[in-house]
Amino acid sequence: MKNVVLTESKNGAQILLDSLEKAGVDSLFGYPGGAVIPLYDALYESSINHILVRHEQAASHAAEGYAKATGKPGVVLVTSGPGATNTVTGIADAFCDSVPLVVISGQVGSAAIGSDAFQELDILSITSSITKMSYQVRTVSELPLIVEEAFKVAVSGRPGPVLIDLPKSVMLAKNDENNHANTFFHQIDNAKPVVDTVKVRQLVAALSKARQPLIIAGAGVLKSNAQELLRTLMHRYHIPVVSTLLGLGAVDSDDQLFLGMVGMHGSVAANTAIDQADFILNIGSRFDDRVVTNVDDFGKNAIIAHVDIDATELEKVLSTTYAIHASADDALNAILSELKNRTMTDTSAWQNLNQHAKGESTFHYHKLKTAIMPQEVIQAVGEVTEGNAIVVTDVGQHQMWAAQFYPFKHNYQMITSGGLGTMGYGLPAAIGAKFARREKEVVLFVGDGGFQMTSEELAILNDNNLNIKIVMFNNHSLGMVRQWQTLFFDGRLSNTVFKSQPRFDQLAQAYDINYARIDNPNSMFEELQEAFDSDKSILIEVIIPDDVKVLPMVNAGAAYRDMITEEEA
C-alpha cells in the first residue's frame, strides 16, 4: 500500500506527462483522437518529443525500433477504440520478441465505460494475452504510481509490453492537496533470479568433458549486455558459437569460432554442428520452431543445457539435462567462475572439423551477368557501412539474406520482427531506431510487399529531418511465400505475384525524399555508394530476379541433415 499526496493543482494529462518525464521518456510515438485530446493539449507545452505517425500500428513498431536500438522502453500514445486496436499487432510483436513497451491508450470517460459509448472498447481484455500487465486508471492520484510501476514491469525479468488505459475523465480531472492514492499496487521485484550454483557446477562438469561442445547465442545475451562475457567464454575455452536470428551481433560475424546463424535458413556449418555436437549450451534463446525444426531430431547426440530469464521457457520445447533459470550475464559469470577450477577436454579435432565445414559451406550464391543478386547488395552495404550500421529489416526473403550476409558486430544492431514475423514492421521500426540513435547510420532492408504495407510513414522522414537509407528489393512478388509455393506446392503461384505496383520513384518524390533505381550488376557498387552519400533519406529500389531463393532451407518438421542447399533447389 502506497500513500501519495499530490500537492500541485494539475490535471491528469499534465500529471501523466510529468510522470513520463520522471521515467526518462524523451520520445512518444502516437496519433491523436477524441479521447486523448487533453493529453495532446498538455503535450503542446511539454519537453517530450512527440512523433506523429500516419497509422497507430506504425506507432507501436516505431516504439519497438526505439526500444531495440536502446534497450529502453518505447512509448506509444493513441486514442480509444480503433486507435487502440490498431496497436495490437505491434504489441503482439513486442510480446513475442521480449521488447519493453509502454502503450498508453485513451478511453471514454469513466462514467461511460460499459455503455458502448462512441469509440469505447475493452482494450485490456483484447490485449490480456500479449501484455505483461495492463492497467485502467481510475483516479488522478494513482496515475504517477501506475506509470512508475508500468516502466518497472516493462523492463523487469523478461522484458515486454505494458498497457495503460486512461479514461478521458481522469485526464481532465484535477488533483488537490487532499487527494490521496490509496490503491494497492504490485511490489515489482527488479532483482534477477538467483543463479543455482549447484546446477551450474553440474553443467560445467559436463561441459568440461565434452569433446564437441557448442553454444547457441540468443537474444537474451544481447538484452542482458552479456556479449563480452560470451566472447570470453568462447575464446578462452575454444567453444564454437551459432546464433539465432535475434542473437545476431552477440558475436562478431568474422570471428573464427562463429559458425553463423542456425535454424531454418541457417548456415550449413551451424546446422551441421548442432547435429554433431555432444554438448549444446543454449543461452537466451527459447528453442522456437525456426531453430528446433524437428524436436525428436534436434541435437540428438548432445547433452543439452538451457539458460533463460523466463522459467516458463525451460523444458517447454525440449527436454534438457541442465535447465538454469537466470539472466544470460549472471549465468555466464557463474559458468566462467566455475570453469576456472576445471580442465577442459582437448577439442582441437572439433575445431578443425568446424573450420573445414565453415570454409566449405559459407553462405554463397551465384552471381549473374545480367541481373543483380540481393545477397551481393547486402554484402556491398556491409562494405559501405563497414559493418557498423543499425540494420532494420521487414519480414521475408530479404530478412534472411540480411541475416546471412550482413557482417554484424555489435549489440542493438539487428532490428527485426522475429517471433511474430510482421510484414510492414520495417519502415516504422527504422524510424524509431533513428530517433533513438541519430548519430548512427540506419539502413532498412525491405521487400516490395512489406514496404507497401506502411509506406505512408515516409512522411515522417522529412518532417523530422531523418536520414535513413531504404534498400527495397523488388521482385514484384511476395518472395518468401512464392518460394514455398515453388518448392512444395508444384509451382502454383497463387496470389503471390503483383499485377501492378506504384511508381516508386514518384512515391519517393511525393514524400520529398531522394530516389535511386539500381538494376545493372556492373555498376551496382558504385551506384549504391553514391546513394549512401545522400544527405537525406533515400529510397533505393533494387531490381532482383523474381525466382531468387533463400537457401539453405530446412522444411518445417524436417531434420537439419535434410536441408535444401543451392545445388538441390
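For reference, positions follow the sequence shown, starting with 1.
- For the atom pair S253 OG and F258 CZ, the distance stands at 5.5 Å (nearest 0.5 Å).
- In this model, no donor atom of one side chain and acceptor atom of the other lie less than 3.5 Å apart for T79 and Q119.
- Under 4.0 Å is where a charged nitrogen must lie from a carboxylate oxygen, and between K10 and D18 at least one such pair does.
- Under the side-chain contact (heavy atoms from CB on, under 4.5 Å) criterion, I309 pairs with R158, P193, S327, not counting sequence neighbours.
- Not counting sequence neighbours, the partners of A331 by the side-chain contact (heavy atoms from CB on, under 4.5 Å) test are V307, A326.
- With sequence neighbours excluded, the residues satisfying side chain to side chain donor-acceptor pair (under 3.5 Å) with R54 are D463.
- Under the ring-ring contact (aromatic ring centres under 6.0 Å, His included) criterion, H61 pairs with Y425, sequence neighbours left out.
- Take H306 and apply the ring-ring contact (aromatic ring centres under 6.0 Å, His included) test, not counting sequence neighbours, and it matches F287.
- Relative ring orientation between F445 and F473 is described as parallel, the plane-to-plane angle staying below 30° on a 0-90° scale split at 30° and 60°.
- Residues passing the salt bridge (Lys or Arg N to Asp or Glu O under 4.0 Å) test with K316 are E313, sequence neighbours excluded.
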Identify each donor-acceptor pair in which a side-chain atom of residues 36-45 lies under 3.5 Å from a protein atom, sequence neighbours left out, and give them as a table.
from: Y40; atom 1: OH; to: Y31; atom 2: N; distance (Å): 2.9
from: Y40; atom 1: OH; to: H50; atom 2: NE2; distance (Å): 2.8
from: Y40; atom 1: OH; to: L77; atom 2: O; distance (Å): 3.4

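- T312 meets the side chain to side chain donor-acceptor pair (under 3.5 Å) test with D310; sequence neighbours excluded.
- Residue pairs satisfying the salt bridge (charged side-chain N to carboxylate O under 4.0 Å, His left out) criterion with at least one member in residues 96-125, sequence neighbours excluded, are listed as follows: K68-D97.
- T385 pairs by the side-chain contact (heavy atoms from CB on, under 4.5 Å) definition with V381, A389, Y406, E441, V443, F532, not counting sequence neighbours.
- Between the side chains of Y322 and D196, not a single donor N or O lies within less than 3.5 Å of an accepting N or O.
- Residue pairs meeting the salt bridge (charged side-chain N to carboxylate O under 4.0 Å, His left out) criterion with at least one partner in residues 430-440, sequence neighbours excluded, are R437-E439.
- In this structure, K152 pairs ionically with E148, as a charged nitrogen and a carboxylate oxygen lie closer than 4.0 Å.
- Under the side-chain contact (heavy atoms from CB on, under 4.5 Å) criterion, T416 pairs with L245, L246, T393, Q399, M414, sequence neighbours left out.
- A salt bridge is defined here as a Lys NZ or Arg NE, NH1 or NH2 lying under 4.0 Å from an Asp or Glu carboxylate O, and D330 with K192 meets this definition.
- Using modelled atom types, one finds no donor on one side chain facing an acceptor on the other under 3.5 Å when comparing T87 with Q57.
- No hydrogens or angles considered: nothing links the side chains of D329 and N225 as a donor-acceptor pair under 3.5 Å.
- Across all non-hydrogen atoms, the minimal contact from L466 to S537 is O-OG, 2.7 Å.
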